[in-house]
Colleague: 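So that we are looking at the same thing, I have put the structure below in structure tokens.
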Amino acid sequence: MTEFLGRYMPVNAAEHGPHLDMINALVHWVMLILFVGWALYFAFVLYRFRASRSPKADYGGVKSRLSTYSEAGVVVVEAVLLIGFSIPAWSRWITPPPPTANPLEVRMVAEQFAWNAHYPGADGVFGRTDPAMVTPTNPIGLDASDRRAQDDIVSINQLHLEVDRPVVVRLTSKDVIHSFGIPTMRVKQDAIPGMEIPVYFTPVLTSGEEQWEIACAQLCGLGHYRMRGFLTVHTPDQFQAWLASNAPAAQPAM
């Protein structure tokens with residue numbers, strides 16, 4: 001079933017993707033069984049209690065326990081899906097990668113109607129940002145006087161990641177609620193003003209010559225339709241080359 005659904009879904013490029021797709025397939029199987037079962041039961045009831053066979057209403061109802069057993073079976077299946085699959089998967093997905101995994105941290109700042117990616121630079125520390133410093137050329141309000149900000153990299157609608165390296169995306173928004181959605185990474189999370197929400201995943205495929213779409217999955221205004229970003233997943237060497245080519249010029253010593 002997973003392979004069948006995969007024909008109609010975006011490429012799966014995240015480590016957690018197969019497990020999520022398996023849960024998706026199981027839910028579809030259960031819903032298909034329920035749909036067919038209830039449709040057959042509905043057809044049976046229409047035939048069994050048709051007016052020509054039951055001209056007088058019977059207010060006693062059906063005495064069989066089949067419906068009770070069916071309802072109990074549905075509860076058991078839902079409990080297995082929830083407790084056996086969904087909750088353990090959710091627990092893993094909200095657990096941050098350990099420092100020993102050398103995760104890449106990126107801030108993603110949403111706005112009407114763009115995605116601003118903020119990388120901490122070679123020092124591994126994000127520079128200070130201030131909403132009062134936001135300008136058309138400084139979309140995240142990066143404080144250039146902060147020495148920790150002088151090597152930071154900011155890109156608009158372009159997210160660059162490294163294959164097989166865990167990623168921590170710290171989501172926030174400058175204005176209204178947006179939703180950070182990357183179908184190929186099986187990721188979707190709201191970006192909420194005043195909050196920073198972390199998202200964890202690990203790319204396992206490079207994008208090659210292709211760029212994968214970052215969509216806003218929450219209606220955020222009249223320009224919502226054009227709020228599109230693009231994800232590129234590099235090999236380690238390619239990613240380091242991208243960082244080097246986009247690093248700010250060194251500031252002269254004072």
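Since the model is a prediction, treat every value here as computed from it, not as a measurement.
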Colleague: Does any non-hydrogen side-chain atom of P131 lie less than 4.5 Å from one of K174?
Modeller: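 They are not in side-chain contact.
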Colleague: Tell me, do H28 and N24 make a side-chain contact under 4.5 Å, heavy atoms counted?
Modeller: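 In short, these two side chains touch, coming nearer than 4.5 Å.
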Colleague: Is the shortest heavy-atom distance from the side chain of I140 to the side chain of N138 under 4.5 Å?
Modeller: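 I140 reaches N138 side chain to side chain.
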Colleague: Hydrophobic cluster membership, with links at side-chain heavy-atom distances under 4.5 Å among I/L/V/M/F/W/Y: are M108 and F201 in one?
Modeller: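 Same cluster: M108 reaches F201 through Ile, Leu, Val, Met, Phe, Trp or Tyr contacts under 4.5 Å.
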Colleague: Quick one: CG on L219 to CE on M227, what's the gap to the nearest 0.5 Å?
Modeller: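 Those atoms lie 11.5 Å apart.
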Colleague: Between L82 and I87, is there a side-chain heavy-atom distance shorter than 4.5 Å?
Modeller: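 Yes, close enough: below the 4.5 Å cut-off.
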Colleague: Check for me, please, whether I23 and M31 land in the same ILVMFWY cluster - side-chain distances under 4.5 Å, paths through other members count.
Modeller: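 Cluster IDs for I23 and M31 match.
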Colleague: Only one of Q112, R228, H224 passes side-chain contact (heavy atoms from CB on, under 4.5 Å) with C216; say which it is.
Modeller: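 Testing C216 for a side-chain contact (heavy atoms from CB on, under 4.5 Å) against Q112, R228, H224 leaves exactly one candidate, H224.
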Colleague: Between V204 and I214, is there a shared hydrophobic cluster once you connect ILVMFWY residues whose side-chain heavy atoms come closer than 4.5 Å?
Modeller: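 Yes; tracing contacts between hydrophobic side chains, which count when under 4.5 Å, links both residues.
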Colleague: Do I156 and L171 belong to the same hydrophobic cluster, where Ile, Leu, Val, Met, Phe, Trp and Tyr are linked whenever their side-chain heavy atoms lie under 4.5 Å apart, directly or via other members?
Modeller: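 No: no chain of side-chain contacts under 4.5 Å links I156 to L171.
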Colleague: Does NZ or CZ of R53 fall inside the cone over F49's six-membered ring, less than 6.0 Å from its centre and within 45° of the axis?
Modeller: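 Judged by the rule (NZ or CZ under 6.0 Å from the ring centre, within 45° of its axis), R53 is not positioned above F49.
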Colleague: Can you hop from V233 to V11 via hydrophobic side chains spaced under 4.5 Å?
Modeller: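 Per the 4.5 Å side-chain linkage, V233 and V11 are co-clustered.
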Colleague: Under the side chain to side chain contact (heavy atoms under 4.5 Å, CB included) criterion, do F239 and L161 qualify, and how do the steps go?
Modeller: CA-CA 7 Å; F239 182 69; L161 303 177; 5.5 Å; no
Colleague: Which atom pair, heavy atoms only, marks the closest approach of L205 to V163?
Modeller: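 Looking at all heavy atoms of both residues, the closest pair is N-CG2, 3.7 Å.
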Colleague: Closer than 3.5 angstrom, by distance alone: can the side chain of T202 be matched with the main-chain N or O of D164 as a donor-acceptor pair?
Modeller: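 Flag not set: sc T202 to bb D164 has no pair under 3.5 Å.
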Colleague: Which word best sums up how the rings of H160 and W242 line up, parallel for under 30°, tilted for 30 to 60°, or perpendicular for over 60°?
Modeller: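 Ring orientation of H160 relative to W242: parallel.
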Colleague: For residues E213 and P183, determine if any side-chain heavy atom of one lies less than 4.5 Å from a side-chain heavy atom of the other.
Modeller: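 When only atoms from C-beta onward are counted, P183 and E213 do not touch, as no gap falls below 4.5 Å.
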Colleague: Which heavy atom in P139 sits nearest to a heavy atom in V134, and how many Å separate them?
Modeller: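 Heavy atoms of P139 and V134 come nearest at O-CG1, 3.8 Å.
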Colleague: Working note: F180 + I182, criterion side chain to side chain contact (heavy atoms under 4.5 Å, CB included); need CA distance, chi angles, decisive distance, verdict.
Modeller: CA-CA 7 Å; F180 180 71; I182 310 180; 3.4 Å; yes
Colleague: E210 vs T184, test: side chain to side chain contact (heavy atoms under 4.5 Å, CB included). Steps then yes/no.
Modeller: CA-CA 12 Å; E210 184 181 4; T184 54; over 6 Å; no
Colleague: Of all heavy-atom pairs between D175 and E111, which one has the smallest distance, and what is that distance?
Modeller: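 Nearest pair, atom of D175 first, then E111: OD2-CA, 3.3 Å.
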Colleague: So does L222 have more than 12 non-hydrogen atoms from other groups sitting under 6.0 Å from CG?
Modeller: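 No, CG of L222 has 12 or fewer neighbouring heavy atoms, counting only those of other groups under 6.0 Å.
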Colleague: Can you tell me if D152 uses its side chain to pair, donor with acceptor, with the backbone of H118 under 3.5 Å?
Modeller: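 Not at all, since once roles are kept as given, no pair shorter than 3.5 Å links the two residues.
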Colleague: Given side chains that start at C-beta, do those of P193 and I177 come closer than 4.5 Å, heavy atoms only?
Modeller: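 With C-beta onward as the side chain, the pair touches.
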Colleague: Counting only N and O atoms by type, is there a donor-acceptor contact under 3.5 Å from the side chain of S86 to the main-chain atoms of L81?
Modeller: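 Yes, S86 side chain to L81 backbone: donor-acceptor pair under 3.5 Å.
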Colleague: Would you call D21 and R186 a salt bridge, taking side-chain N to carboxylate O under 4.0 Å as the test?
Modeller: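 Salt bridge present between D21 and R186.
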Colleague: Give a yes or no on whether the backbone of W115 and the side-chain of N157 come within a donor-acceptor separation of less than 3.5 Å.
Modeller: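 Checked: pair present.
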Colleague: Which distance, rounded to the nearest 0.5 Å, do you find between the OG1 of T135 and the CG of L142?
Modeller: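 Rounded to the nearest 0.5 Å, the OG1-CG separation comes to 10.5 Å.
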Colleague: Does R148 use its side chain to pair, donor to acceptor, with the backbone of R128 at less than 3.5 Å?
Modeller: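 Not a single qualifying donor-acceptor pair exists.
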Colleague: Can a donor-acceptor pair be found, under 3.5 Å and without considering hydrogens, that links the side chain of D146 to the backbone of G127?
Modeller: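 No, the answer is negative, given that no donor and acceptor are paired below the 3.5 Å cut-off.
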Colleague: Could you tell me whether the side chain of D143 reaches within less than 4.5 Å of the side chain of D130, counting heavy atoms only?
Modeller: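 SC-SC contact between D130 and D143 ruled out.
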Colleague: Between L231 and S207, is there a side-chain heavy-atom distance shorter than 4.5 Å?
Modeller: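 No, their side chains stay 4.5 Å or more apart.
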Colleague: Minimum heavy-atom separation for T172 and I192, please, with both atom names.
Modeller: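 Distance-wise, the nearest heavy atoms are OG1-O, 3.8 Å.
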Colleague: Show the numbers, then the answer: is there a side chain to side chain contact (heavy atoms under 4.5 Å, CB included) between Y200 and H16?
Modeller: CA-CA 10 Å; Y200 316 113; H16 71 272; over 6 Å; no
Colleague: Rounded to the nearest 0.5 Å, what's the gap from OG1 on T232 to CD on E209? Could you check?
Modeller: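 CD of E209 is found 10.0 Å from OG1 of T232.
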Colleague: What is the distance from atom CD of Q218 to atom NZ of K188, rounded to the nearest 0.5 Å?
Modeller: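 One finds 10.0 Å between CD of Q218 and NZ of K188.
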Colleague: If you take all heavy atoms of S173 and H178, which pair is closest and at what distance?
Modeller: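 Taking every non-hydrogen atom into account, OG-CD2, 3.3 Å.
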Colleague: Which pair of non-hydrogen atoms, one from P248 and one from I153, has the smallest distance, and what is that distance?
Modeller: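 It is CD-CG1, 4.2 Å.
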Colleague: Near R92 CZ, under 6.0 Å, is it more than 12 heavy atoms from other residues, nucleotides or ligands?
Modeller: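 Result for CZ/R92: enclosed.
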Colleague: How many angstroms lie between CG in L34 and CH2 in W29, if you round to the nearest 0.5 Å?
Modeller: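 The CH2 atom of W29 is 13.0 Å from CG of L34, to the nearest 0.5 Å.
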